[in-house]
Number of protein chains: 2
Amino acid sequence: MATDTSRLPVASGRVAEIREVALSLFARRGYHATSMKDIGDALGIRAPSLYNHFESKQQILVEVMRGTMEQLLRDHIDALASTDDVVEQLRRATEAHVRYHARFRDEIQVGNIEIRALEEPERSRIVLLRREYSDSWEALILRGVGRSVFRVSSPRLTAWAILEMGIGVARWFDPAGEMSETLLAYHYGDMALRLVGIAHAPAASVSAVE
Amino acid sequence: MATDTSRLPVASGRVAEIREVALSLFARRGYHATSMKDIGDALGIRAPSLYNHFESKQQILVEVMRGTMEQLLRDHIDALASTDDVVEQLRRATEAHVRYHARFRDEIQVGNIEIRALEEPERSRIVLLRREYSDSWEALILRGVGRSVFRVSSPRLTAWAILEMGIGVARWFDPAGEMSETLLAYHYGDMALRLVGIAHAPAASVSAVE
DNA sequence: CCTACCGATCGGTAGG
DNA sequence: CCTACCGATCGGTAGG
């Protein structure tokens with residue numbers, strides 16, 4: 001439960017260092033406001049030396065963004081596969097979503113904001129993965145509605161509301177703050193249940209029919 | 001109900017044109033990815049001519065962002081002042097929030113993303129207004145909890161969840177799409193009520209005690 | 001509103 | 001990993 005979702009394969013050392021520094025700068029200032037010199041300075045090397053590890057600034061962005069959506073989708077699928085109870089699926093998927101957004105704040109911020117700075121075909125690839133993710137959420141809500149376990153007026157809006165409130169976490173969560181990532185996930189899990197019309201359900205109050 | 005929340009005072013013509021074009025470009029590409037030449041091109045004039053109307057690129061950003069938070073706060077205060085019923089306050093505040101985010105999508109996007117490109121003291125001024133806004137939301141939830149009308153496990157998280165799900169609207173809402181802004185606002189109003197523990201309340205099912 | 005022009009900085013290459 | 005350097009573009013000014 002501590003650090004289950006690993007980052008990308010921890011590459012050759014310098015490459016990983018560059019990616020990490022760039023991620024931090026892109027998140028704080030933005031891709032276009034970050035120069036190769038900025039990245040080099042943060043590592044104590046000259047800007048041209050970066051080209052020994054990356055072909056271009058754009059390729060650094062690609063590497064920074066690669067893997068984020070894939071990992072999010074993997075955690076999501078695990079949450080769904082862990083139970084047939086649609087209530088529990090919703091809770092676990094929400095917890096996974098919130099945990100991910102609390103833990104990988106920079107990745108999420110850069111992923112969301114700098115997608116517009118990403119060139120094709122990488123950009124379309126990520127847009128597609130996102131679409132896949134939100135579609136799966138909508139399907140989950142629809143499944144719960146179909147089993148008469150959820151009651152919502154718009155499955156799509158409900159799915160987006162849950163997604164968006166989780167994305168917000170990446171903007172303000174402070175891992176050094178009073179609230180732990182785990183407690184945060186529980187709270188959001190409960191809120192998601194409320195959004196589908198389950199007033200105050202403790203963990204196993206509704207069991208799946210299947 | 002159609003266009004109640006007006007934009008900024010419609011300034012001298014060219015100034016307003018520049019602001020509008022810049023808003024659109026900043027929203028689509030970002031502040032740092034937009035050059036003065038880009039703005040000029042969109043208006044059919046040369047970049048240096050822009051300096052007859054604005055002192056700097058930064059000042060254009062300031063003018064683009066100015067007023068957004070103020071108007072949002074005004075609509076919010078109106079919603080709160082319109083009734084003493086805390087349930088109705090929550091519903092109307094949510095509707096106002098969502099309407100604003102559906103209508104002024106570019107303003108919201110630029111306001112949220114490019115605040116990091118904004119120089120002091122303007123930046124702190126806007127951060128303060130935002131703080132004011134979210135504080136008012138938390139106070140609203142607390143009021144409902146105090147009157148035993150709302151039931152939440154964390155007033156602050158609930159406030160943020162409502163705010164964030166509304167902010168998401170600015171990212172995907174399509175005014176030319178099937179769902180109207182008004183219907184959207186209703187749906188989100190209902191979802192906000194659910195988040196505070198009011199399962200499926202039609203407009204006046206709970207009346208305030210005061 | 002324009003042209004002409006400024007110094008600074010950009011991403012990136014050459015060549016070692 | 002470095003220095004030296006490239007053309008392009010940046011925000012902005014001068015001067016009319």
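By convention in this document, chain letters (A, B, ...) are assigned in the order of the sequence lines, proteins followed by strands, and residues within each chain are numbered from 1.
For I115(B), the side chain to side chain contact (heavy atoms under 4.5 Å, CB included) test picks out M65(B), R123(B), I126(B), V127(B), R130(B), with sequence neighbours left out. Every residue meeting the side chain to side chain contact (heavy atoms under 4.5 Å, CB included) condition with E122(B), not counting sequence neighbours, appears here in chain and number order: V62(B), R66(B), L118(B), R125(B). The side chain to side chain contact (heavy atoms under 4.5 Å, CB included) search around A27(B) returns D106(B), V110(B), not counting sequence neighbours. D38(A) meets the side chain to side chain donor-acceptor pair (under 3.5 Å) test with R29(A), S35(A); sequence neighbours excluded. I113(B) is linked by a side chain to side chain contact (heavy atoms under 4.5 Å, CB included) to I113(A), R116(A), R116(B), counting only residues two or more places apart in sequence or in another chain. Checked against side chain to side chain donor-acceptor pair (under 3.5 Å), S82(B) has the following partners two or more places apart in sequence or in another chain: R92(B). Partners of E119(B) according to the side chain to side chain donor-acceptor pair (under 3.5 Å) rule, which considers only residues two or more places apart in sequence or in another chain, do not exist here.
Using a 4.5 Å heavy-atom cutoff, the side chains of T158(A) and M191(B) are in contact.
Within the structure, salt bridge (Lys or Arg N to Asp or Glu O under 4.0 Å) contacts touching residues 158-168 of chain A (residues at least two apart or in different chains) are E164(A)-R171(B). Applying the ring pair (Phe, Tyr, Trp, His ring centres under 6.0 Å) test to residues at least two apart or on different chains, the pairs with a partner in residues 63-94 of chain A are H76(A)-Y133(A), H76(A)-W137(A).
Mapping N52(A) and A47(A) onto DNA chain C by nearest heavy atom places A47(A) at the nucleotide closer to the 5' end.
When DNA chain D is scanned 5' to 3' for any atom under 4.0 Å from a heavy atom of chain B, the first and last hits are dC10(D) to dT13(D).
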Bracket string, DNA chain D, 5' to 3' - pairs by Watson-Crick or G-U geometry under 3.5 Å, | interstrand: ||||||||||||||||
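Less than 4.0 Å separates DNA chain D from at least one heavy atom of each of the following residues of residues 34-46 of chain A: I45(A), R46(A).
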